[in-house]
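Reading through the structure tokens given below for one structure.
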Amino acid sequence: MSIKNFYDAGSVAVIGASRTPGKISNAIVRNLISSGYRGNIYPINPKESEIENLKAYPSVADLPEKVDVAVIAVPAARVLEVAAECGENGVKNLVTITAGFKETGREGLEVEKKLLALCRQYGMRMLGPNCAGMMDTHVPINTSFAMGFPQKGDIAFFSQSGAMMVAILDWSREAGIGLSKVVSLGNKADLSEIDFIEEAADDPYTRVILCYIEDVTDGPRFLDVAGRAARKKPVIIYKSGTSQAGALAASSHTGALAGSDLAYDIAFRQCGVIRARTITDLFDLAVSFARSPAPGGPRVAIVTNSGGPGIIASDNVEARGLTMARFGKETLDALREGLPAEAGIYNPVDVLGDAMDDRYRFALDKVCADPNVDSVVVIVTPTATNKPLETSRAVIEMKEKYPHKGFFGAYIGGSALAEAKEVLNRSGIPCFTFPEPVIASISQMVRYDQYRNSPENQRDLEFEDIDRKAVKAVFYDVLRDNRLVLLGSEASEVARAYGIPAAPVSLAVTPGEAVEEAEKLGYPVVIKVASPKILHKTDVGGVKLGLGSPEEVYNAFLEVMENSQRLMPQAVVYGVEVQKMMPRGAELIIGMTRDVQFGPMIAVGLGGIYVNLIKDVSFRLARGLSRQEIEKMITETRAYTLLRGYRGEKPKDLNALMDAVGRLARLALDFPEITEVDVNPVFAYEEGLSALDVKITISVS
Ligand code: COA
């Protein structure tokens, strides 16, 4: 059933409606009336016959029609019985205001589950519980107990915090920002931000979707819905709190590098959601996105009447991944000729402190005519000669003349500039007090535009030559041996079954066997202690490199076993792993760690023993990872410089690396029981790769 009914409900019952002013349920009835809601309102109260001049009914069973929405505002102990009654009487949707559920602990959670079960049983959808209600300015309807009603507008705001919702509402009125829909999500027992984003994506009255959330509970659906919504309109989210990814995956390098909040970062980016870093950021971005179309590209021109703010803005341009536009000769000649000799004609254009609107107009006209400029930032500081209002009018004139350029204002000052700022904002030119939010907005708008123009996400990568059965067999043996950490030989087998070029590793339990394996592989070889408990083998003297003869292998076996038993006597040692000594290549890491909400995350970057120190690793979700995206993630790292051929070295095999990353993503998607993978180091050669050390941890599925 569509959640549209929540907004354009034909009738609303308020259960627990009270005559007493100051009670939440009384406020809801008043809000419904004062919002201009045109449907039928039914206050429900067993003791009253009339509330706020409306006929009251003892229960939903007594209503003359089946209502679309019932707002439940009775104490928690009565909610289940009231919800069941709603179900019995054909109510389609519930807005459960009442608190005292999951947020109070285990008992509350149990009651919340029962409430959800009732919704499922009767086919009702529910907002809340523990929410402040919702409103739509275009219907109009207000089933909340918030103070006041927002101005009509085109920004939808969904908030997991009721307090944040009512606060923002109040602020929006003062700031003159209009909203289309406002929803307090509460405990999200049934409906969550995902459902509301999905609906708002197709709502003709909503241009920008804003969310304040503390978590995402259904990662795959979020990615899917938000990804589709973001292709239609900007979805901007402020997410507070941290995820559990870090805690889950502390033992691998990849897990440690991922940290606690990275999954949200990459998930949002991958589905085109714009992440606001602060609440201020959230609303600044909303204003920019709602008011102005995205500039056509990253090249920014600045026109200012003072040097300092021009420099601040330029610094921000660089820091935010934008570029300062380089003017063509024609533009420079025109500026030189038309501006005073002391003016700065290169970007930023300094029209000087005595500039009035005519000089701004002239400079803007020349700058905007330049094809190397995508957007222009007009900075005004209140000097004695300045005419801010006229300057704003000049900017608006230029916007009309150059409709394809992005126009933004940073009017640095207080009351002297307030009206001029307001004039710009009203005409659809985002104008802030300081340059930072302006540049941040342009940067996010350009990025968002790139996302919208990028090809629709390809399907997950598929490979013909992978051997799922071989991997299953290895995992079966590992679990039978009561282990979750694979031995090197097992991990190498898993990697090879998926076409990741791991150097073969054989397990030897006696010195003689080690020599036999070395003879098969060919010298020189490496031997490493084989024990799932010893993660850092070098530290316990458990690794011997460059062994060139049977004697050396024999002795190394004894030495490695003795060292390990001496330094880690409690660790079970299975023998040693014998591996061919591979030639050195560019040292990389590829890895995987699994996030609770968003699934496997794939990492690639600079490898070796200093990975955690250098932290040159780029991440993506395995889900929906395309070849282009893999290439992008590699180019984001400094390791890419090495791969392209550093200091006269020949370039390394980028294709082979991209292939290995894709195959690791496939492996992680195919086997949800794999919790972590570290392939470190991977040597990249001019041709091909060699994965030297593969670590895999699994869970009992
Ligand atoms: N059917 C209809 N009305 C009922 C009823 C029922 N089964 N059971 C009780 N009522 C009536 C009561 O008689 C009362 O009306 P009255 O004022 O005429 O006596 C009315 O419902 C409200 O009940 P009351 O006991 O006065 O509760 P309350 O108004 O003090 O509190 C809540 C009710 C829902 C507001 C409160 O329990 C609550 O959860 N508050 C927190 C809400 C919140 O913070 N939500 C999250 C925001 S982010």
Side-chain angles (χ1 to χ4, degrees), residues 6 11-32 41-63 67 69-89 91 94-105 107-109 111-112 114-115 118 126-135 142-148 157-170 182-193 196 211-215 240-241:
F6 272 94
S11 50
V12 178
V14 181
I15 307 176
S18 173
R19 283 179 79 97
T20 316
K23 281 202 180 185
I24 281 183
S25 55
N26 180 267
I28 295 170
V29 177
R30 282 169 182 246
N31 276 348
L32 262 168
I41 306 170
Y42 300 113
I44 310 276
N45 185 317
K47 298 178 302 196
E48 304 290 346
S49 58
E50 189 206 288
I51 291 169
E52 299 297 325
N53 297 323
L54 294 167
K55 180 174 163 39
Y57 295 81
S59 86
V60 272
D62 303 304
L63 294 178
V67 292
V69 171
V71 184
I72 299 182
V74 295
R78 316 294 296 273
V79 168
L80 289 182
E81 108 199 22
V82 163
E85 204 174 4
C86 287
E88 288 294 337
N89 289 284
V91 174
L94 301 180
V95 173
T96 307
I97 303 288
T98 311
F101 293 86
K102 183 175 81 176
E103 78 283 4
T104 58
E107 258 172 58
L109 175 65
V111 186
E112 187 166 309
K114 285 185 188 150
L115 179 59
L118 282 173
M126 179 177 63
L127 173 66
N130 187 28
C131 77
M134 59 192 284
M135 47 191 106
N142 184 358
T143 56
S144 83
F145 63 87
M147 193 191 282
F157 179 49
F158 309 131
S159 175
Q160 197 165 339
S161 148
M164 190 63 87
M165 167 192 139
V166 294
I168 293 305
L169 200 68
D170 197 35
V182 181
V183 178
S184 157
L185 299 165
N187 289 4
K188 307 198 287 191
D190 177 24
L191 296 171
S192 73
E193 68 285 347
F196 289 97
C211 296
Y212 166 87
I213 54 169
E214 284 149 19
D215 59 1
S240 67

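Just so you know, ligand 1 is whichever comes first in the structure, and atom 1 is the first atom listed for that ligand.
- Remark: minimum distance from atom 4 (C) of ligand 1 to any protein heavy atom is reached at V74 CG1, 3.6 Å.
- For atom 37 (O) of ligand 1, the closest non-hydrogen atom on the protein side is P75 CA, 3.5 Å.
- Ranking protein heavy atoms by distance to atom 29 (O) of ligand 1, first place goes to K23 CD, 3.7 Å.
- Under a 4.0 angstrom heavy-atom cut-off, G100 registers as lying outside contact with ligand 1.
- Of all protein heavy atoms, the one lying nearest to atom 45 (N) of ligand 1 is I97 O, 2.9 Å.
- Side-chain atoms of N31 come within 3.5 Å of backbone atoms of A146 as a donor-acceptor pair (strictly under, hydrogens ignored).
- When hydrogens are left out, the protein atom nearest atom 40 (N) of ligand 1 is I24 CD1, 4.2 Å; that is the closest non-hydrogen contact.
- The ligand atoms of ligand 1 that sit less than 4.0 angstrom from a heavy atom of N130 are 45 (N), 46 (C), 48 (S).
- From I213, atom CD1 reaches atom CG of D215 across 7.0 Å, with rounding to the nearest 0.5 Å.
- Looking at L54 and I51, their side chains never come closer than 4.5 Å, going by heavy atoms from C-beta outward.
- Looking at atom 32 (C) of ligand 1, its nearest protein heavy atom turns out to be A73 O, 4.1 Å.
- The structure places CE of M135 at 10.5 Å from CG of L32, a figure rounded to the nearest 0.5 Å.
- Here the protein heavy atom with the shortest distance to atom 19 (O) of ligand 1 is K47 NZ, 2.7 Å.
- The aromatic rings of Y42 and Y57 lie perpendicular to each other, with more than 60° between the two planes, well past the 30° mark.
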